K.L.:
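The structure is given below, and queries will be raised subsequently.
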Amino acid sequence: MSVFTAPRPAPPRLRPGATLLVVCAAIVLVPISATGASLALPGVSDTLHTGLSAAQWVVNSFFLTFASFMAITGSLADLTGRRRMFAGGVALFAGAMFIAAVAPDVWVLIAARALAGAGAAATTTGGSALLAQAFPGERRTRAFAVFGTSIGLGLAFGPVVSGVLITSLGGWRMFFLAAALVLLPVLAATPLLTESRDHHGAPADRAGALTFTLGLSLFVVAMVEGPNLGWGSPLVVGALVLFAVLIVSFGVIEKRAAYPMIDVSLLANPRFAAICAMPILLAFSFVALLIVLPPYFSAVDGYSAERAGLLLILLTGPTLVVPVIVARSAAQVSQRALLITTMVLVAVGSAWLTVLRPGLAIGVLAGPMLTIGIGFGISLAIMDGAAVSSVEPSRAGMAAGVFNTARLTGEAVAIAAVGAVLAAVTQSHLAGTVGVSSAAPATARLLQGDMNGALGVLGSPDLRAAAGASYTAAMHVAFWALAALMALGAVAVGMLTGRPVPPAPAVPAADLGEAAGAARALAADRCAG
């Protein structure tokens, strides 16, 4: 017997097509997990007896960590290994969803949702980096088209899938458990993916990431806790003050950093700044609606999670079709005209949505919801390219990163801010009918989709109409505010993008890696909305 041991053969590696399948199988769950929690809120509220702020954190914690960790996980993927980042993200995502499924109380559920958001960020950045390495040249474009389609499928049909799981297949715990189980085969396949890393990559901007994450977290804390504790409470005021300090510190750090997470000098470009502002504005009138509409339908109209999810297809369905149509006809329409059209359509749809009232026929809601969905769908086809084309090619990767951060930050802020408006206005209207002492706890039940719980607090089933009217009035205030915001945004975008874009110079060979980084970042930023 030989004293020498034969070297162990290297494990087989997946072909690029199989790598694409593995990555997309994980990515499709990100938008489903992000938005499906809103459909689970009535069940969570009934089982775990949550307060309003805790229920909002079940949704907000995912978006908060997803936005906060996206930039830092992208840098770490290049430094520590793209397969390692993807595998770690999938493992954390799956484990967190399993913990959420068995959570004994709401605080464990919130912690699990926060971990899931961080895992989803690592899965997204690691997965998109794997695809950028596996597919060279023109094949990369086709691969990212499939990647984007997977995200679109999750966004379009996620509410339906979530609703069916919650209503017909075991309740809210099954929603989280199903996601964990689907991720297990993906996790099993990760050792077969090809590892790669950038040995000369820039170090991660840890100081910038820390100040940005803490600042964003404190702002969301203030938005969520403000209606409950009062806007003058020491916690809320302190959170807003610290938020301002940290964001200013973040700007100083980024200006001085050798390798900043965000190159703030890019925002001096008016066209680029306007395009970066668009996803923040659109998050208020699209992503936030995906979160706040299901509890309304459950509380006021008695919809099941499944029926509410089906209704949301009117909002999400166009995002699967419209980008393809716009991409084919974009050469005949100016980029500026399409950007303005996006904002105008969403503004019109938001104002039109004020037809909402208890017992309204679905056909009446179809017009405004489809209008908003079409407007948002146009943005998906053009905004990514518009952001990168607004700067010189050598800064395309950083431009994609800034745009990506703006979009994800906008989603986290929009959900918290719209939730705060609804809580404050609903509580104010209810207080005029039932008194201040009952208004706050009744509002908490309403905004979690629990009309019976609200009536139990109010002490009379005869107050159902008053409770529904208060909730509806708050929705109308939010819709009018969103319409005004989008209309002002349309004017600003039209003014700031009016200058013609200078022709792009030839891209030096040294900048091709930067362009690849841009492709990865632009694909990554589609996941939550």
Side-chain angles (χ1 to χ4, degrees), residues 216 219-220 222-223 226 240 243-244 247 264 266-293 315 318-319 322 326 333-356 367-384 386-387 390 402-403 405-422 424-425 473-499 501 529:
L216 179 60
F219 183 82
V220 174
M223 291 295 102
L240 289 174
F243 157 72
I247 291 303
V264 293
L266 284 172
L267 298 176
N269 178 335
R271 181 182 179 86
F272 181 72
I275 294 170
C276 282
M278 282 190 65
I280 299 175
L281 296 174
L282 291 171
F284 282 83
S285 282
F286 183 83
V287 179
L289 292 184
L290 291 177
I291 303 302
V292 302
L293 284 175
L315 199 62
T319 65
V322 172
V326 172
V333 184
S334 74
Q335 198 177 73
R336 177 171 177 257
L338 288 172
L339 292 171
I340 295 172
T341 299
T342 286
M343 302 297 289
V344 170
L345 284 174
V346 176
V348 170
S350 299
W352 191 358
L353 203 51
T354 56
V355 300
L356 184 73
M369 293 178 73
L370 285 171
T371 300
I372 294 172
I374 291 169
F376 190 77
I378 294 173
S379 77
L380 294 181
I382 60 170
M383 278 203 307
D384 298 335
S390 297
V402 174
F403 180 76
T405 302
R407 170 176 277 168
L408 296 170
T409 301
E411 292 171 359
V413 170
I415 292 167
V418 174
V421 169
L422 291 178
V425 177
M475 296 291 277
H476 287 179
V477 169
F479 295 154
W480 282 121
L482 297 178
L485 188 64
M486 296 306 113
L488 292 173
V491 174
V493 167
M495 294 175 60
L496 294 175
T497 59
R499 299 175 183 176
V501 181

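What you see is a predicted model; the values in this text were computed from it and never measured.
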K.L.:
Taking the side chain as everything from C-beta on, heavy atoms only, tell me whether Ile340 gets closer than 4.5 Å to Val491.
P.N.:
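No, too far: nothing below the 4.5 Å cut-off.
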K.L.:
Atom CE of Met369 and atom CG of Leu315: how far apart are they, to the nearest 0.5 Å?
P.N.:
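Between atom CE of Met369 and atom CG of Leu315 there are 5.0 Å.
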K.L.:
Any heavy-atom pair between the side chains of Arg407 and Met278 that's under 4.5 Å?
P.N.:
no
K.L.:
Once you round to the nearest 0.5 Å, how far does CG of Leu293 lie from CG of Leu356?
P.N.:
7.0 Å
K.L.:
Taking side chain as C-beta onward, heavy atoms only, is Leu353 less than 4.5 Å from Met475?
P.N.:
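With C-beta onward as the side chain, the pair stays apart.
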K.L.:
Does anything in residues 274-291 form a side chain to side chain donor-acceptor pair (under 3.5 Å)? List the pairs, not counting sequence neighbours.
P.N.:
Ser285-Ser350
K.L.:
What distance do Leu370 atom CG and Trp352 atom CH2 have between them, rounded to the nearest 0.5 Å?
P.N.:
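Rounded to the nearest 0.5 Å, the CG-CH2 separation comes out at 8.5 Å.
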K.L.:
With sequence neighbours excluded, tell me which residues meet ring pair (Phe, Tyr, Trp, His ring centres under 6.0 Å) with Phe284.
P.N.:
none
K.L.:
Compare all side-chain heavy atoms of Thr319 with those of Phe286 and state whether any distance is below 4.5 angstrom.
P.N.:
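Yes; the side chains approach each other to less than 4.5 Å.
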K.L.:
State, yes or no, whether a side-chain contact exists between Phe403 and Met383 at a heavy-atom distance under 4.5 Å.
P.N.:
yes
K.L.:
Excluding sequence neighbours, so at least two apart, what forms ring pair (Phe, Tyr, Trp, His ring centres under 6.0 Å) with Phe243?
P.N.:
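Applying ring pair (Phe, Tyr, Trp, His ring centres under 6.0 Å) to Phe243 gives Phe219.
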K.L.:
Check the pair Thr409, Ile280 against side-chain contact (heavy atoms from CB on, under 4.5 Å), reporting the backbone distance first and the verdict last.
P.N.:
CA-CA 7 Å; Thr409 301; Ile280 299 175; 5.9 Å; no
K.L.:
Could you check if a side-chain atom of Leu289 sits within less than 4.5 angstrom of a side-chain atom of Phe479, using non-hydrogen atoms only?
P.N.:
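Heavy-atom side-chain distance check passes, below 4.5 Å.
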K.L.:
Check the pair Leu345, Ile372 against side-chain contact (heavy atoms from CB on, under 4.5 Å), reporting the backbone distance first and the verdict last.
P.N.:
CA-CA 6 Å; Leu345 284 174; Ile372 294 172; over 6 Å; no
K.L.:
Could you measure the distance from the CG atom of Leu496 to the CG atom of Leu339? Nearest 0.5 Å is fine.
P.N.:
11.5 Å
K.L.:
Could you grab the distance from atom CZ of Arg336 to atom CD1 of Ile275, nearest 0.5 Å is fine?
P.N.:
11.5 Å
K.L.:
Check whether any side-chain heavy atom of Leu282 lies under 4.5 Å from a side-chain heavy atom of Thr342, and answer yes or no.
P.N.:
yes
K.L.:
side-chain contact (heavy atoms from CB on, under 4.5 Å) between Val346 and Thr371: does it pass, once the steps are laid out?
P.N.:
CA-CA 7 Å; Val346 176; Thr371 300; over 6 Å; no
K.L.:
Measuring from atom CD1 of Ile415 to atom CD1 of Ile291, what distance do you get when rounded to the nearest 0.5 angstrom?
P.N.:
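CD1 of Ile291 is found 4.5 Å from CD1 of Ile415.
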